[in-house]
Novice: 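Dumping the structure here so I can ask a few things about it.
The first residue of the sequence shown is numbered 1, and numbering continues consecutively from there. Both ligands and their constituent atoms are indexed starting at 1 by order of listing.
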Amino acid sequence: MHAFNLPRKEGSKMSALVIRGGQRLVGEVDVAGSKNTALAILSAVVLAEGKIVLHNVPAVSDTRIKARLLEKFGAVTQWEGSTLHVDCTHLHDGDADEETVRSIRTSFYLLGPLVARLGRVTLPAPGGCKIGARPVDYHLKGLALLGATVNLEGGIYSASTMGLRGAEIYLDTPSAGATQHLMSAAATADGITTIDNAALEPEIVALAAFLNSLGARIEGAGTSKITIQGVKKLSGGTFTIPADRMQAGTYLLAGAITHGDVTVRGILPETQTAVINKLREAGAEVTEGADWVRVVVNKRLKAINVITMPHPGFPTDMQQPMAALLTLAKGTSLVEETVYESRIGHVPELNRMGAKIKLINGKSAMIDGVTKLQGAVVEASDLRAGAALVLAGLAASGETVVKNVIFIDRGYERLEQTLTSLGADIKRVEVHETELA
Ligand code: EPU
C-alpha cells in the first residue's frame with residue numbers, strides 16, 4: 001500500500017528514517033498543535049463569513065492538504081509559520097479533485113458545513129489511513145436528519161438542501177468524526193440540534209470552543225449530549241489550536257522505551273490519563289504538573305493488558321506505539337483493538353525486528369516480551385504504525401530504516417528534530433526504493 005492511495009512508481013525516490021538505536025532519551029520537549037483538532041476546524045471554517053486566524057496549526061501533510069482543498073472551494077489561505085489565515089468570504093462549489101480529497105479522511109467532513117453554507121456541493125468520497133472499513137453511515141444519517149439530501153454516484157457525493165434544520169441525532173457508537181461533522185453542520189441550522197451518544201474527545205471540546213468563538217451556541221461538548229442552538233451566521237475570529245495529545249503520548253513512550261527521562265511540556269495532562277496510567281501500571285515513574293508530564297524508566301517494564309476505547313478510554317491512536325513499548329516488557333501483554341478492524345500494520349514489521357507478537361482475531365495482539373529488538377529495514381503501513389516502528393528503532397540494537405515516512409509526516413511535526421533534541425540518533429534520508437529492497 002502506498003501513501004495517499006497512489007500507485008507507486010518503479011524506482012521512485014522516497015524518504016526513510018534511519019535510526020541508530022540504544023540511546024537513552026533525556027530532556028524536555030514541546031509538541032505541535034493537534035492535527036485532528038486542526039483538521040476538524042479546517043472543515044468548520046467554511047461556515048465563517050469572515051477571516052479566520054488559526055495559531056499553532058501543525059505543519060503536517062494532512063493540514064497542508066486540507067488547506068489546499070479549501071482553496072478549491074474558493075477559500076483564500078495563507079501560511080505564516082504555524083499560523084494559518086483562512087478567508088471563506090467568497091465560497092463556491094468546487095472542483096475538488098479526487099486525488100486531493102482521497103488523500104485525507106477529513107475531506108469528507110467538509111460536506112455538511114459546505115452544504116449548510118452553499119446549499120449544494122459535490123465532493124469525491126474520502127480516503128485516509130487504511131486501518132479498517134471506516135464507513136460514513138452516521139455522518140450520512142445525521143445529515144439526512146438535518147435536512148440534506150446526499151447521493152453517491154461514481155464515487156462522488158453530491159449534497160443539497162433548501163436549508164438545514166435542527167434535529168435529534170443519536171450516534172450508534174460515539175464517533176469522533178461524526179460528532180465533529182454534525183456539530184459543525186448544525187451550527188447554522190434553523191433550530192436546535194441534539195447529538196446523543198456524542199464522542200467525548202478533547203478535539204470535540206476544542207472544535208466547539210472554536211465555533212462558539214465565532215458566534216455559535218454549542219453546549220455540552222465533552223459530554224455525551226451536545227446541544228446546538230443554530231445561529232444565522234458565523235463571523236471570523238482567531239483561535240489557538242491546543243497541543244497534540246498523540247504526539248505528546250508518542251514522546252512519552254519514546255522516553256519509556258529507551259529507559260529515559262522525558263518531559264513533555266505545554267499539554268493538558270488530563271488528555272493523557274489513559275496513557276499515563278498504563279505507563280505506571282507497567283512500572284514507569286510518571287509525574288505531572290499543570291501543563292507537563294514526565295516519564296522516567298530505570299528498569300525493565302512489565303507486561304500489561306491494554307484495550308482501546310473511545311475517549312476517555314485508551315486511545316486507538318496510541319495502540320500501535322504502546323504495542324512497540326510492550327514488545328520489550330517482561331511477560332505477556334494483550335493489546336486489544338476495539339475501535340478499528342485492522343490497525344495491525346505494525347505487527348509483522350515489529351516481528352522483523354525480533355518482537356514476538358501473535359495476532360488474535362486478526363486485530364488484537366498477544367505480545368511475548370523479548371529482552372531486545374534488532375534493527376531492520378521496516379515499512380510504515382499507516383501513521384501510527386510508523387510511529388510504533390520509530391519507537392522500536394530507538395530501542396533496538398543497530399540500525400533501523402523506517403520506509404514510507406510519508407505516512408508519519410501526516411501527523412508528526414519535526415519528529416526527527418524533536419527526537420534528536422532528546423538525544424536520539426535519527427536522520428531522514430532520500431533513497432531509491434531499490435536501494436532498500
Ligand atoms: N464509524 C462508523 N460509521 C461512521 C463513523 C465511524 O461505523 O459513520 C466507526 C469507524 O469505522 C470506527 C469507529 O466508528 O471503527 C470510530 O471512528 P471515528 O469516527 O471515531 O473516527 P474518525 O473520526 O474517522 C478520528 C481520528 C482518528 C482516530 C479516531 C478515533 C481524525 C482526522 N481522525 O477518526 O485519528 O483514530 O477519531 O479516536 O480526527 C490518527 O490520527 O491516526 C487517526 C486515525
Side-chain angles (χ1 to χ4, degrees), residues 3 32-44 58 60-63 65-66 69 103-112 125-145 150 152 157 169-185 195 197-207 224 241-242 244-250 271 274-275 308-322 337-346 363 380-388 407-413:
S34 158
K35 164 185 80 93
N36 289 345
T37 302
L39 290 170
I41 285 178
L42 288 176
S43 296
V60 294
S61 59
D62 273 24
T63 55
I65 293 168
K66 191 74 182 268
L69 184 56
S103 62
I104 52 172
R105 165 90 176 159
T106 63
S107 43
F108 183 66
Y109 308 169
L110 276 165
L111 196 71
C129 277
K130 294 276 184 293
I131 50 182
R134 306 188 85 179
V136 289
D137 51 328
Y138 307 161
H139 302 246
L140 295 175
K141 279 187 223 164
L143 289 176
L145 287 168
V150 183
L152 176 65
Y157 283 103
I169 297 171
Y170 170 78
L171 301 179
D172 289 342
T173 60
S175 152
T179 304
Q180 291 162 351
H181 188 180
L182 299 172
M183 185 170 88
S184 301
I195 304 177
N197 201 24
L200 311 178
E201 267 74 358
E203 291 75 21
I204 286 152
V205 178
L207 174 64
S224 56
I241 310 278
D244 191 299
R245 64 193 171 103
M246 300 312 164
Q247 292 194 39
T250 303
T271 64
V275 172
T308 65
M309 288 278 164
H311 192 78
F314 190 89
T316 170
D317 295 344
M318 284 292 104
Q319 179 260 114
Q320 295 155 296
M322 182 54 111
E337 174 60 58
T338 70
V339 178
Y340 291 111
E341 300 90 345
S342 182
R343 213 166 196 183
I344 52 171
H346 58 302
K363 63 179 193 175
S381 55
D382 60 83
L383 167 58
R384 307 298 170 186
F407 283 115
I408 300 176
D409 291 340
R410 298 183 72 150
Y412 289 89
E413 183 185 293

Novice: Check step by step if side chain to side chain donor-acceptor pair (under 3.5 Å) holds for T250 and Y412.
Specialist: CA-CA 10 Å; T250 303; Y412 289 89; 2.7 Å; yes
Novice: Can you figure out which of A387, S175, S43 has its heavy atom closest to atom 19 (O) of ligand 1?
Specialist: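 When every heavy atom of A387, S175, S43 is considered, S175 comes closest to atom 19 (O) of ligand 1.
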Novice: Could you establish whether E341 and ligand 1 come within less than 4.0 Å of each other, counting only heavy atoms on the residue side?
Specialist: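 So E341 does not count as touching ligand 1.
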Novice: For ligand 1, is any non-hydrogen atom under 4.0 Å from E203's backbone (N, CA, C, O), its side chain (CB onward), both, or neither?
Specialist: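 Contact part for E203 vs ligand 1: neither.
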Novice: Please determine whether side chain to side chain contact (heavy atoms under 4.5 Å, CB included) holds for the pair N197 and D172, giving the CA-CA distance in whole Å, both sets of side-chain angles, and the decisive distance to 0.1 Å.
Specialist: CA-CA 7 Å; N197 201 24; D172 289 342; 5.9 Å; no
Novice: CD/Q319 to CD/E337 distance, rounded to the nearest 0.5 angstrom?
Specialist: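 Between atom CD of Q319 and atom CD of E337 there are 4.5 Å.
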Novice: Pairs of nitrogen or oxygen atoms closer than 3.5 Å, one from R343 and one from ligand 1: do any exist?
Specialist: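 Right, the criterion is met.
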Novice: Counting only heavy atoms closer than 4.0 Å, does ligand 1 sit against the backbone of K35, its side chain, both, or neither?
Specialist: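 It is the side chain that touches ligand 1; the backbone stays farther off.
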Novice: Quick test of your reading of the structure: of H311, E201, Q180, whose heavy atom lies closest to atom 38 (O) of ligand 1?
Specialist: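 Among H311, E201, Q180, the closest heavy atom to atom 38 (O) of ligand 1 belongs to E201.
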Novice: Taking the side chain as everything from C-beta on, heavy atoms only, tell me whether M246 gets closer than 4.5 Å to M318.
Specialist: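 Yes, their side chains come closer than 4.5 Å.
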Novice: Which pairs would a plain distance check flag for residues 34-42, meaning a side-chain donor or acceptor within less than 3.5 Å of a matching protein atom at least two apart in sequence or in another chain?
Specialist:
unit_1 : atom_1 : unit_2 : atom_2 : d
S34    : OG     : T37    : N      : 3.0
S34    : OG     : T37    : OG1    : 2.8

Novice: Mind checking whether K66 and L110 have side chains closer than 4.5 Å, heavy atoms only?
Specialist: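 Contact flag for K66/L110 side chains = yes.
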Novice: Quick check, are the ring centers of H181 and Y138 under 6.0 angstrom apart?
Specialist: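 No, the ring centres sit 6.0 Å or more apart.
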Novice: Determine, using heavy atoms of R384 and all atoms of ligand 1, whether some pair is separated by less than 4.0 Å.
Specialist: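 Yes, that is the case, since the closest heavy atom of the residue is under 4.0 Å from the ligand.
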Novice: Is the closest side-chain heavy-atom distance between Q180 and E201 below 4.5 Å?
Specialist: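 No; the side chains remain at least 4.5 Å from each other.
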Novice: Can an N or O of Y109 be found at a distance shorter than 3.5 Å from an N or O of ligand 1?
Specialist: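 The answer is yes, given that Y109 and ligand 1 share an N or O pair closer than 3.5 Å.
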Novice: May I ask you to check whether G177 has an N/O atom sitting below 3.5 Å from an N/O atom of ligand 1?
Specialist: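 Between G177 and ligand 1 (N or O atoms, distance only) the closest approach is under 3.5 Å.
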Novice: How about L200 and P312: do any of their side-chain heavy atoms sit closer than 4.5 Å?
Specialist: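 When only atoms from C-beta onward are counted, P312 and L200 do touch, with a gap below 4.5 Å.
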Novice: Out of curiosity, is G411 lining ligand 1, as in a heavy atom under 4.0 Å away?
Specialist: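 No.
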Novice: Looking only at distances, please establish whether an N/O atom of ligand 1 is found under 3.5 Å from an N/O atom of Y138.
Specialist: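 N/O-N/O distance below 3.5 Å exists for this pair.
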Novice: Judged on heavy-atom distance to atom 15 (O) of ligand 1, which of T338, T106, V339 sits nearest?
Specialist: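 Answer by nearest heavy atom: V339.
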Novice: Compare every heavy atom of P242 with every heavy atom of A206, then report the nearest pair and how far apart it is.
Specialist: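 That closest heavy-atom pairing would be CB-CG, 4.0 Å.
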Novice: Check L140 against ligand 1 and report side chain, backbone, both or neither, counting heavy atoms closer than 4.0 Å.
Specialist: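 It is neither; nothing of L140 touches ligand 1.
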Novice: For T271, enumerate each residue passing the side-chain hydrogen bond (donor to acceptor under 3.5 Å, both in side chains) test, keeping only those at least two apart in sequence or located in another chain.
Specialist: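 Once residues adjacent in sequence are excluded, T271 has no partner under the side-chain hydrogen bond (donor to acceptor under 3.5 Å, both in side chains) criterion.
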Novice: Can an N or O of T316 be found at a distance shorter than 3.5 Å from an N or O of ligand 1?
Specialist: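 No, T316 has no N/O under 3.5 Å of an N/O on ligand 1.
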Novice: Counting only heavy atoms, tell me which of D244, L39, D137 gets closest to atom 3 (N) of ligand 1.
Specialist: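 Closest candidate by heavy-atom distance is D137.
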Novice: Before signing off on this row, confirm whether A176 and ligand 1 have an N or O atom pair separated by under 3.5 Å.
Specialist: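 Yes, since at least one N or O of A176 sits under 3.5 Å from an N or O of ligand 1.
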Novice: Based purely on interatomic distance, does L383 place a nitrogen or oxygen under 3.5 Å from a nitrogen or oxygen of ligand 1?
Specialist: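 There is no such contact.
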